[in-house]
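A short write-up of the structure that comes next.
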Amino acid sequence: MNDSTTGAGHGQALPDGAGDGTRAVRAGLPEPVKHEPTLPGPVFAAHFHLPGDPTGPYTYGRDENPTWTLLERAVGELEAPGRKDVEALVFASGMAAISSVLFSQLRAGDAVVLPDDGYQALPLVRDQLETYGIEVRTAPTGGDAQLEVLDGAKLLWIETPSNPGLDVCDVRRLAEAAHARGALVAVDNTLATPLGQRPLELGADFAVASGTKQLTGHGDVLLGYVTGRNAEAMAAVRRWRKIVGAIPGPMEAWLAHRSIATLQLRVDRQNATALTLAQALRERSEVTGLRYPGLPDDPSHKIASRQMRSYGCVVSFTLPTRARADRFLDALRLVDDATSFGGVRSTAERRGRWGGDAVPEGFIRFSVGAEDPEDLVADVLRALDESAG
Ligand SMILES: Cc1ncc(COP(=O)(O)O)c(C=O)c1O
């Protein structure tokens, strides 16, 4: 098999110690072929020519696709630079990726530990796991509280920083404790992106993410991935993808790969502006509960600075009332009132409108985009003034 077209292994060799920008622009590229594009276009195929014995790599479009192969290689290179023992699998969405790990690894009678302050679809997953006879224990992300409920668990699920509260836990400490008890560890790396944090290096068995957010960054693709270093566990995840069929379309996979080329530019710009915005918000008396792991006095900063390389593009804060928060969102001109996060266009929302998070009515989750920082901060400060009443 030609390594440039198969598996999620590593393709073109990068110089040792290549920086994030270099790795992002070259991630997953195949060996150059004369007259072929640098990044081959999406391969639209439900089936592939397959005379004789049905051997891979490409047989049927629910099992494998060359466009996924290149994207999987890119994701693997970003989550685990230089490691050939790590496999990556792409999925139709972040939830498909999360479910593939939980439902492929857990059996009736097993116990799993989930965060109680994670992404708001996790309680739905919890209900589903319980109907299958799986015991679900929950604990908050902050203070490594999941440690207290680990005994006898088969899997520990970590989301750090947590969405939307932006609490951070110590991945290395939790992974060591979980492994000592025989449990596998998965980390949702959505908010940090693989440039901001590498859970596999911190000891996790799986790094899982929604690629819908900053990884792809344009608000136009739903995608998820699982990376892992335990071959047996990853085989079960792959089997789950085949059974459930939660696969990305070739167009989405290709768009995602193209977008990854600018990941470092976007992460650098957006995350730097997020810090600038958080600093500006700190000066405002109507803002409480301000959270950004990159702020030196944020409760998450100490652990975050040890295990993260960059602190994400999401800032959370609370305005005094629901009405004030709604007026603020209405007054913003450069920021769309929309859910999700990580895109090049700033978005913000009153998170309480969904009803799934334990947050105050005036809680705002703000996703910082790639606008000029001065323009964005000015827009936010003006909207705060105008919404005062
Ligand atoms: C931390 C986190 N994990 C997973 C997901 C789910 O991803 P998707 O919407 O791509 O299914 C989200 C979505 O917001 C998220 O914020």
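Just follow the structure's listing: the first ligand is 1, and inside any ligand the first atom is 1.
- Using a 4.0 Å cutoff on heavy atoms, N163 counts as a contact of ligand 1.
- A donor atom on one side chain and an acceptor atom on the other are not found under 3.5 Å apart for Y292 and Q279.
- The residues D63 and R241 are annotated as not salt-bridged, no charged nitrogen and carboxylate oxygen being separated by less than 4.0 angstrom.
- Taking a cut-off of under 4.0 Å to the non-hydrogen atoms of F341, the atoms of ligand 1 that pass are 16 (O).
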For a salt bridge (charged side-chain N to carboxylate O under 4.0 Å, His left out) check, start with the C-alpha distance between D357 and R351, then their side-chain angles and the critical distance, and finish with the verdict.
CA-CA 7 Å; D357 300 302; R351 196 61 187 166; 2.8 Å; yes
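- Of the polar atoms of E159, none of the N or O atoms is found under 3.5 Å from an N or O of ligand 1, judged by distance alone.
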Run the numbers on D379 and R382 for salt bridge (charged side-chain N to carboxylate O under 4.0 Å, His left out), then give the verdict.
CA-CA 5 Å; D379 196 46; R382 185 194 45 73; 2.5 Å; yes
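- Considering backbone and side-chain atoms together, I98 places no N or O closer than 3.5 Å to any N or O of ligand 1.
- Scanning the protein for heavy atoms near atom 8 (P) of ligand 1, the closest one is G94 N, 3.4 Å.
- No N or O atom of L222 sits closer than 3.5 Å to an N or O atom of ligand 1.
- Taking the charged nitrogens against the carboxylate oxygens, D298 and R291 do have a contact shorter than 4.0 Å, which makes a salt bridge.
- Protein heavy atom closest to atom 6 (C) of ligand 1, with residue, atom name and distance, is Y119 CE2, 3.5 Å.
- Atoms of ligand 1 found under 4.0 Å from any heavy atom of D188, numbered from 1 in the order shown, are 1 (C), 2 (C), 3 (N), 4 (C).
- Nearest to atom 11 (O) of ligand 1 among the protein's heavy atoms is M95 N, 2.8 Å.
- In this model, a donor atom of one side chain and an acceptor atom of the other lie less than 3.5 Å apart for N271 and Q214.
- Within the structure, the closest approach of K213 to ligand 1 falls below 4.0 Å when heavy atoms are considered.
- Residues W354 and E349 bring a donor and an acceptor atom of their side chains to less than 3.5 Å of each other.
- Residue contact annotation: L223 has a non-hydrogen atom under 4.0 Å from ligand 1.
- Listed by number with element, the atoms of ligand 1 under 4.0 angstrom from any heavy atom of T212 are 8 (P), 10 (O).
- Checked by atom type, the side-chain pair T321/E361 shows no donor-acceptor distance below 3.5 Å.
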